[in-house]
Amino acid sequence: MSNFTPAEIYKELLEEAISQGEARKEKTRVLVGTATCGVAAGALKIKEDFLREIESKNLSDDVDVFEVGCIGHCYAEPLAIIAKPGHPAICYGRLDDGLVHRLVEDFLVADDPSYEYAMAALERNDVFPTFEDFPRGIYEKKLILEQCGFIDARDVNSYLAREGYSGLAKALVEKPEWVLEEIKAANLRGRGGAGFPAGLKWEACIKSKGDAIYVICNADEGDPGAFMDRSILESDPHLVIEGMILCAYTVGAQKGYLYIRAEYPRAVTHVQEALEQARMKGLLGNSILGTDFNFDLEIFQGSGAFVCGEATALVNSMEGKMGMPESRPPRLAQKGYRGKPTVLNNVKTFAYVPLIIRNGADWFKETGTPESPGTAVFSLVGKVVNTGLVEVPMGTTLRQLIYDVGDGLPNDREFKAVQIGGPSGGCLPESALDVPIDFDSLQDAGAIMGSGGLVVMDEDDCMVSVARYFLEFTQHESCGKCTFCRLGTKHMLDILTDITKGKGDGDSLALLEELAEDVRDGSLCNLGRTAPNPVLTTLKYFRDEYIAHIEEGRCPALACRDLILYYIEPPKCSKLCNVCVGSCPTEAIFTRDDGLKEIDQEKCVKCDNCLKACPGEYNAVVKISPPVLPPEKVRVAK
Amino acid sequence: MQLIEGEKDQILAIVGEVLKNSPKQREDLIPLLQKVQAKLGYLPALAMEKIADGLNIPAADVYGLATFYNQFRLNPPGKHQVKVCLGTACYMVGGDITLESFERRMEIKEGETSPDRLYSLERVACVGCCTMAPVAVVDEEVEGKVTPTRVDGIMLALQDEEKKNEKELKSNQEEGEDA
Amino acid sequence: MSEYVNITIDGHDIKAKKGERVLWAALDNDIYIPHLCGIRQEERPNAGCRLCFVEVEGASRPVTSCTKNVEEGMVITTRSERVDRLVKTAFELILSDHNLKCRECPANRSCVLQDIAKKRKIKLRHDRFKSIVREFEIDDSPAEFAFDRSRCVLCGQCIWADREEAKVGAIGFTKRGINRVVTTFKDLPLAESICTQCLLCVEACPVGALYYKKNESDDSNKNSEKNS
């Protein structure tokens, strides 16, 4: 043990971090958002553009360019924050090389912040509104996403300077029981999907007598349509690490693992660096902050099996076996990794822990509802204007989330459904939009919180096809161990496929529903048990769409490709334009003798290119369902 | 698949080195396979056999694991790997159409490698860039908004790169012959 | 602490060994519960076949008896509407992926599937689920036995015999989901694998997937099967 108290050691680390931060602030800083989504939008090129422009203006000594994570406004990627002394830090979105050139010239060289290109300021000021001033600001409340995209994820000092690890310093002078009581009092419910109270999980682990206890973070975020765990690990890894250390201190663990999907290489790199830096600072490893508490963390890279998000399957895969679920009990708290008591929590769950310890359970409970305190984090995607990461208090309604935070649907399309919880969740209709977002209300409505993927769908999305999509996913990802999941999902998928091809019959729906219920009731693990949810909810809320497919061979959303055809309406087609012909990848569109364009249905692969390509003033390409061409004379006449 | 002599030595050397630097418990199996695949691009049967020997477990178990997880490949991948995301957000805006476009342009099906081993095409569940949908990962670079037209652009760029490489190779060879 | 606990199954009072699972306690007392994958010695039951559902008083839904430990005073019913529905669906799902040419099968009349069908009065041939068509080649490379995967129900009994009894490790599960299959390393024919042809797996197979070859004179029969 050290001669200094954790508080003293922490104070020294904090001062060092702050002074480094202050020194940085004397220079102008350009922070480019380079989380995976930013990179996909070209953020690395934008960073190069900044560096090049800055160098060409001989500003390299005065301006630092950093990479930061994701601020959640993904719709405006690529984006960057410019913090120049004497100005509020300002965020600019939808950057390209021209705009970068402009910003360097006008703002960095001259002193004009080019407000016309700015999205928002990051701190309150008299000149320009902040993100909180956006209409959505009323509904958003950032707890675990607060620092994401604003701090340098690759520098522990950046986290430390904003009170990072202060929760750990505070906890280490208390007994582990104090931390447990605080987490229990906060009623922190697991953010992995089911909402089991984290404190009870930890307590069960303490109570089961085992010689070694492991702490594992489940970052095997496999839900298609969810990416908040990736974003947090890429943008603020120390928050999760501090949460895990606090958990380890509470339950008496010396070793922990972060189980991260192999598909998230950037998250792996950032966490790896963060672990090394935390060790260097004495925040991880032996005698943490000078105490006799030892705990170390390692990364285990998942190898791409959705089922490994299930606790027992995850442990099996860590033990070098196929990631297949086991029947429970025993639970992980009794018999987990290497047969020892194990705490397994989701990324977000761990991320709340430092904040609760830092600010107290009461502070946490100020947000959200009594049964589901705190916030909910969603990746808001699909047919919504403001796609991105959002964090709202539990109890916010779906309507507020989609229309106020997300700013509604683009292109004046009608809302049809919102899919929550990925393959284990359900599709909720307009009538369910006033359901408050919390663990229990969503479950009652037929969906689940899941890991927080939220996909908005409009009138162009076919609910049968969406259900089929999810079944295809679960069927593909089924481990194959149990009969219901291995064969039940296969038959459900086959029935759904038949329906989307217009081959369903009168008995299809009854059989589908029966089978869905049996797979739900009979499967071995929760993945199998929840796999029918997308089917059961769409059958419940959108049965008429199923019936249209079966009885009329018609897809009301014009989405099922076997039930539509593409057709160029003669009265609308301009004979002079050739755009559709050029857009067709299979040369299916030809010019008729009368100059009009027509689609050779034999050759058409229904790729949608021509419909997108046809100029807006004509809009001559349409989809028709059922796939029956209008009579010959209509097609010839003009 | 038949291995040629050089390949066999290379595989043995790499597996030997990876095994030497790793603990050899059953629980080290997945990390071991990941390391070998990172170096070889795939898991040849010979490598699986040697790893099984090294960990003293049945080769059938290593084979079972390698065929269970999406990440592992039993055949060498193409020089350029394209992974098309079929996550929910991508699917909804035509991820399947993107995949089909790649299939058409590469003249292979999803999960296959072109006969000249230049291209391989896979589907992935979700790369977590849903706001950029539809997304494809081209040689580790995430590409957003990959419409069929963009697919053509990506393929053209890859083909150009190959042509350039070929030219360089040729001129290098010619230089070599001259010397 | 006594070594036994008192439980009731279908109204019969039964003394069961502490730590025993309900499935084996029932079977020991001649109470039938259908099952395929259960292995008594297995520390953590596979619980994959989903045929051994029972009702346990106090439980909100049917539970698999192979995973449920007996407890003092436990009241169990082996049949109920819910149990029968789940068992019927699970059984029909298994049959939808099973080669139903029973007359050509060496296990005809000794097959566990036929036994379950008889005892639970479920038809072997049903039209609820379409049968899943697959192409499997019969592996007749071993001297005395052959392996027809089209009859395999993935119960894992052969793998247990291979691993735990014969201590060989020639076969295992590979692939995932609907493609899951029992096979050797690299899918080699058994005779080319490390299989010692000890025949324990053949003894363990509850259906006709692993079976003894007939005499030489019956070879023509086998070939026709292959072609069909």
Side-chain angles (χ1 to χ4, degrees), chain A residues 36-37 39-42 74-75 77 221-227 229-231 261-265 300-306 308 317-324 338 379-383 387-388 419 422 453 455 457 461 466 469-470 473 476-477 479 583 585-586 605-609 612, chain B residues 25-35 37 55 57 61-62 64-72 83 85-98 100-101 104-105 123-133 135-137 140-149 151-152:
Chain A
T36 303
C37 41
V39 172
C74 306
Y75 57 90
E77 301 269 21
E221 184 175 53
D223 278 20
F227 57 90
D229 292 354
R230 168 184 68 66
S231 210
R261 282 180 84 190
E263 287 91 334
Y264 287 174
F300 187 96
Q301 282 196 57
S303 7
F306 175 70
C308 287
S317 89
M318 282 183 66
E319 291 174 350
K321 297 181 242 169
M322 286 185 182
M324 285 193 293
R338 295 174 175 156
S379 49
L380 187 57
V381 295
K383 309 287 176 64
T387 53
Q419 211 283 343
V455 188
M457 302 180 182
D461 296 308
V466 165
Y469 164 77
F470 282 111
F473 180 85
H476 182 73
E477 293 294 334
C479 80
S583 76
T586 58
V605 291
K606 301 175 185 175
C607 71
D608 212 45
N609 262 12
K612 285 203 191 86
Chain B
Q25 302 293 316
R26 173 75 193 233
E27 62 176 38
D28 303 305
L29 181 51
I30 290 181
L32 274 170
L33 294 176
Q34 286 170 334
K35 279 178 202 148
Q37 179 163 301
L55 300 191
I57 55 173
D61 279 12
V62 181
L65 216 76
T67 54
F68 183 88
Y69 293 102
N70 292 329
Q71 189 189 13
F72 298 122
K83 297 173 195 158
C85 180
L86 286 182
T88 321
C90 289
Y91 172 79
M92 281 175 44
V93 290
D96 51 339
I97 292 174
T98 305
E100 272 182 27
S101 305
R104 241 191 330 266
R105 292 284 174 237
R123 53 182 286 178
V124 285
C126 184
V127 290
C129 301
C130 312
T131 57
M132 303 294 302
V135 172
V137 186
E140 307 301 314
E141 292 284 320
V142 181
E143 301 266 354
K145 316 257 184 227
V146 188
T147 57
T149 323
V151 170
D152 293 351

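Being a predicted model, the structure only gives us computed values, none of them experimental. Computation of the quantities below employed the complete heavy-atom set of this structure, encompassing side-chain atoms and omitting hydrogens, waters and symmetry-equivalent molecules. Every chain is numbered from 1 and lettered A, B, ... according to where its sequence line falls, protein lines coming before strand lines.
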On a heavy-atom basis, the closest approach of B:Leu65 and A:Gly320 is CD1-O, 3.7 Å
Could you walk me through whether B:Glu27 and A:Arg338 pass salt bridge (charged side-chain N to carboxylate O under 4.0 Å, His left out), step by step? CA-CA 9 Å; B:Glu27 62 176 38; A:Arg338 295 174 175 156; 2.4 Å; yes
So, the part of A:Asp223 with a heavy atom under 4.5 Å from chain B: the answer is backbone
Pick from B:Arg105, B:Glu140, B:Arg26: which one has the most heavy-atom pairs with chain A under 4.5 Å? B:Arg26
For chain B, which of A:Ala41, A:Cys74, A:Gly323, A:Gly222 has the most heavy-atom pairs under 4.5 Å? A:Gly323
Atom CZ in B:Phe72, atom CD1 in B:Ile30: separation rounded to 0.5 Å? 6.0 Å
Is it the side chain or the backbone of B:Arg104 that comes within 4.5 Å of chain A heavy atoms, both, or neither? side chain
4.5 Å side-chain heavy-atom contact, B:Val146 and B:Val135: no
Given B:Pro148, B:Gly94, B:Ala89, the one with more heavy-atom pairs under 4.5 angstrom with chain A than any other is B:Pro148
Between A:Cys479, A:Ser583, A:Gly388, which has the largest tally of heavy atom pairs under 4.5 Å with chain B? A:Cys479
Distance, nearest 0.5 Å, that separates CD of B:Gln71 from CD of A:Glu263: 7.5 Å
Please look at A:Ser317 and chain B and tell me whether the side chain, the backbone, both or neither of the residue comes under 4.5 angstrom of a heavy atom of that chain. both
Give the member of A:Lys321, A:Glu77, A:Arg261 that has the highest number of heavy-atom pairs under 4.5 Å with chain B. A:Lys321
Portion of A:Gln419 that has a non-hydrogen atom of chain B nearer than 4.5 angstrom: neither
One should read off an interatomic distance between A:Met318 CE and A:Gln301 CD, to the nearest 0.5 angstrom, of 12.5 Å
Measure up the A:Phe306 and A:Phe473 rings against each other and bin them: parallel (under 30°), tilted (30 to 60°), perpendicular (over 60°). perpendicular
With chain B, the option among A:Val39, A:Val466, A:Val605 that has the most non-hydrogen atom pairs under 4.5 Å is A:Val605
In terms of heavy-atom contacts, B:Phe68 and A:Ala305 come closest through CE2-CB, 4.1 Å
May I ask you to name which of A:Pro585, A:Ala226, A:Ala262, A:Gly382 has the most heavy-atom pairs under 4.5 Å with chain B? A:Pro585
Max heavy-atom pair count under 4.5 Å with chain A, selected residue of B:Lys83, B:Gln34, B:Gln25, B:Glu143: B:Gln34
Kindly compute the distance separating CG (A:Asn609) from OG1 (B:Thr149), expressed to the nearest 0.5 Å. 5.0 Å
Which heavy atom in A:Phe227 sits nearest to a heavy atom in A:Ser379, and how many Å separate them? CE2-CB, 3.3 Å
Ranked by heavy-atom pairs below 4.5 Å to chain A, first place among B:Val93, B:Thr88, B:Ile57, B:Leu29 goes to B:Thr88
Assert top hit (heavy-atom pairs under 4.5 Å, partner chain B, pool A:Pro224, A:Cys37, A:Ser303) equals A:Ser303
For chain A, which of B:Met92, B:Glu141, B:Glu100, B:Lys145 has the most heavy-atom pairs under 4.5 Å? B:Met92
Highest number of heavy-atom pairs under 4.5 Å with chain A: which of B:Val137, B:Asp28, B:Val142? B:Val142
Region of B:Met132 in contact with chain A, defined by heavy-atom distances below 4.5 Å: side chain
Indicate the atoms forming the closest heavy-atom contact of A:Val381 with B:Cys130, along with that distance. CG1-CB, 3.3 Å
